[in-house]
Amino acid sequence: MKRRIQIAQPFLGKEEHEAAKDPISSGWLTSGPKVKEFEENFAAYHGVKHAVAVTSATTALHLSLVALGVGPGDEVIVPSFTWIATANAVKYVGAKPVFVDIDLETFNIKVDDVKRCLTSKTRAIIPVHLFGLCSDIESLKKIAPEIPIVEDAACAAGAKYNDQFAGGLGDLGCFSFHPRKIITTGEGGMITTNDDYLASILKKLRNHGAEISEEERHRGPKPYILPEFNMLGYNFRMTDLQAAIGVKQLEKLERLVKQRNDWAKFYNDQFEQTEWIQTPKIPESGLHSFQSYVILIKESLAPSSRNSIMEKLQSLGISTRPGTHSVHLLNYYKNQYGFLPEDYPNSLEAHNSSIAIPLHNLMLEEDFFFVSDTLKSI
């Protein structure tokens, strides 16, 4: 049988299977007590006051910008090298995404470029903790102390910047529980904040703008009275089925992140003498979550192109992906704003030369050796 090593696999077990039975048995399937439990546990783990569960990291970003009052005529700074959802969320509120380049050593937002892009219209900055490495939030705060920071922490559950967890570094943090992430609820997201006012607004926005939640109304003295609606909201509620799984996944997060760091260090050691592979940066302080292990191919030294290397690995049973894409190269944004590929040269290089290789918690030791040995042998 041919070996097949997937790029990612969710780490699920009997605990999640058993947990999903509770909402089914109780009949409370939509947002309710399990969502509340997941929110409280997630906030406690990441050292923040509030966590608000939603349907995805994309809706988390969208609601965060709405809660901050960002709208038409405003600008929001985002890195070009990121998943398209980061920029799309800015468009959803009618604002303009202002792209900046990345640092090729970290794949994260280039702080010096942010400084050059600040204008009187800048209403927020969205640094992305790409692949699980926290952005340099301290430097961003120094150059723009009055501008709200919305962390795109989609990849960064369990990651730390110095001694502080992702999600508590800026004004708001946005997490993903997609199956490619370290912990999953199938789909789903979370918004974290230490701001009481923002948390109260977010809870209303995710539930059509209702002044109280469905659980509060149904468990209250007058469940037959509909709530008041004082704002335009959305239906971005997480279900109790998802949250029940999330509670159990969160219990495993610390162990899963540690395992990923151990294997990331193994990969780094394996590729140390391979001159055409740039390995990901492991921070001296803080904690990389390694949602993905992404290398950069130095094509002037490499035996073949990035895509040829990926094709060869695929033929040998090793799944890979590009790190992500440069949004300024995608047709929707390129056509709307007239971007040229070279406008963001580091993002362009990462777009063309990055590879995510398999790193997940279902891999065996022999799988890691097979991946590293095969890649070095090309």
Side-chain angles (χ1 to χ4, degrees), residues 57-131 133-156 166 169-174 176 191 198 323-352 354:
T58 306
T59 55
L61 289 166
H62 182 183
L63 289 190
S64 294
L65 294 175
V66 173
L68 290 171
V70 179
D74 296 331
E75 295 178 350
V76 178
I77 293 176
V78 301
S80 175
F81 189 64
T82 181
W83 185 244
I84 193 172
T86 313
N88 282 354
V90 179
K91 297 291 289 184
Y92 295 158
V93 298
K96 178 184 178 182
V98 176
F99 294 110
V100 297
D101 214 345
I102 60 162
D103 181 335
L104 278 176
E105 185 179 4
T106 64
F107 295 116
N108 283 338
I109 198 166
K110 194 173 181 181
V111 176
D112 289 344
D113 282 12
V114 172
K115 188 175 183 178
R116 288 193 292 270
C117 290
L118 291 169
T119 72
S120 60
K121 296 181 179 180
T122 305
R123 289 294 308 279
I125 302 171
I126 306 181
V128 181
H129 305 325
L130 204 56
F131 312 130
L133 178 63
C134 290
S135 292
D136 187 0
I137 301 295
E138 186 176 314
S139 295
L140 285 175
K141 288 182 175 180
K142 286 179 180 178
I143 66 168
E146 304 301 322
I147 305 297
I149 291 176
V150 179
E151 302 170 60
D152 185 334
C155 301
L169 308 173
D171 297 87
L172 297 144
C174 301
S176 170
I191 310 171
L198 288 176
T324 188
H325 46 221
S326 285
V327 183
H328 80 282
L329 299 177
L330 304 178
N331 283 337
Y332 174 79
Y333 287 95
K334 181 174 65 175
N335 295 339
Q336 187 165 40
Y337 296 109
F339 292 125
L340 298 175
E342 59 270 22
D343 286 343
Y344 306 98
N346 288 353
S347 295
L348 175 64
E349 183 172 348
H351 178 96
N352 290 330
S354 62

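These numbers were taken from a predicted model, which means no experiment stands behind them.
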Which value, rounded to the nearest 0.5 Å, describes the distance between [X] atom [atom1] and [Y] atom [atom2]?
X      : Y      : atom1 : atom2 : result
Phe81  : Thr86  : CZ    : OG1   : 11.5 Å
Leu104 : Asn346 : CG    : CG    : 4.0 Å
Leu330 : His325 : CG    : NE2   : 5.0 Å
Ile149 : Leu169 : CD1   : CG    : 8.5 Å
Tyr332 : Ile84  : OH    : CD1   : 9.0 Å
Ile102 : Tyr344 : CD1   : OH    : 13.0 Å

State, to 0.1 Å, how close [X] and [Y] come at their nearest heavy-atom pair, and which atoms those are.
X      : Y      : answer
Glu151 : Gly170 : OE2-N, 2.8 Å
Leu65  : Val76  : CD2-CG2, 4.4 Å
Thr119 : Thr122 : N-OG1, 2.9 Å
Val327 : Ala87  : CG1-CB, 4.0 Å
Ala166 : Ala156 : CB-O, 3.7 Å
Ile143 : Val111 : CD1-O, 3.7 Å

Inset, instruction - Answer yes or no: is there a donor N or O on one side and an acceptor on the other, between the side chain of Ser326 and the main chain of Ser347, under 3.5 Å? - result: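 Confirmed, Ser326 side chain pairs with Ser347 backbone.
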My understanding is that only residues two or more places apart in sequence, or in another chain, count here; which of them pass side-chain contact (heavy atoms from CB on, under 4.5 Å) with [X]?
X      : result
Cys155 : Lys181, Gln291
Ala60  : Val54, Cys174, Ile191
Val98  : Glu75, Ile77, Cys117
Ala67  : Leu198, Ile201, Leu202, Leu205

Inset, instruction - Might you work through the side chain to side chain contact (heavy atoms under 4.5 Å, CB included) test for Ile109 and Val128, ending with a clear yes or no? - result: CA-CA 7 Å; Ile109 198 166; Val128 181; over 6 Å; no
Inset, instruction - Evaluate the side chain to side chain contact (heavy atoms under 4.5 Å, CB included) criterion for residues Leu61 and Val150: first the C-alpha distance (whole Å), next the side-chain angles of each, then the deciding distance (0.1 Å), finally the verdict. - result: CA-CA 8 Å; Leu61 289 166; Val150 179; 4.0 Å; yes
Legend entry - Any residue meeting side-chain hydrogen bond (donor to acceptor under 3.5 Å, both in side chains) with Ser80, in chain and number order, not counting sequence neighbours: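 Partners of Ser80 by the side-chain hydrogen bond (donor to acceptor under 3.5 Å, both in side chains) criterion, ordered by chain and then number, come out as His328.
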Inset, instruction - Output every pair passing salt bridge (charged side-chain N to carboxylate O under 4.0 Å, His left out) with a member in residues 89-107, not counting sequence neighbours, ordered by first then second residue. - result: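 Sorted pair list: Glu105-Lys281.
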Legend entry - All pairs passing salt bridge (charged side-chain N to carboxylate O under 4.0 Å, His left out) where residues 325-349 contributes a residue, at least two apart: none
Legend entry - Check against side chain to side chain contact (heavy atoms under 4.5 Å, CB included), Leu68 and Leu172: CA-CA 10 Å; Leu68 290 171; Leu172 297 144; 3.9 Å; yes
Test salt bridge (charged side-chain N to carboxylate O under 4.0 Å, His left out) applied to [X] - qualifying residues, sequence neighbours left out:
X      : answer
Lys142 : Glu138
Asp136 : none
Asp113 : Arg116

Inset, instruction - May I have the step-by-step check of side chain to side chain contact (heavy atoms under 4.5 Å, CB included) for Val90 and Ile126, ending in yes or no? - result: CA-CA 10 Å; Val90 179; Ile126 306 181; 4.1 Å; yes
Legend entry - Geometric class of the Phe131/Phe107 ring pair [parallel <30°, tilted 30-60°, perpendicular >60°]: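 Perpendicular: the ring planes of Phe107 and Phe131 meet at over 60°.
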Inset, instruction - Could I get the full list of ring-ring contact (aromatic ring centres under 6.0 Å, His included) partners for Phe99, not counting sequence neighbours? - result: Tyr333, Phe339
Legend entry - Which residues share a ring-ring contact (aromatic ring centres under 6.0 Å, His included) with His351, sequence neighbours left out: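 Counting only residues at least two positions away or on another chain, His351 forms no ring-ring contact (aromatic ring centres under 6.0 Å, His included).
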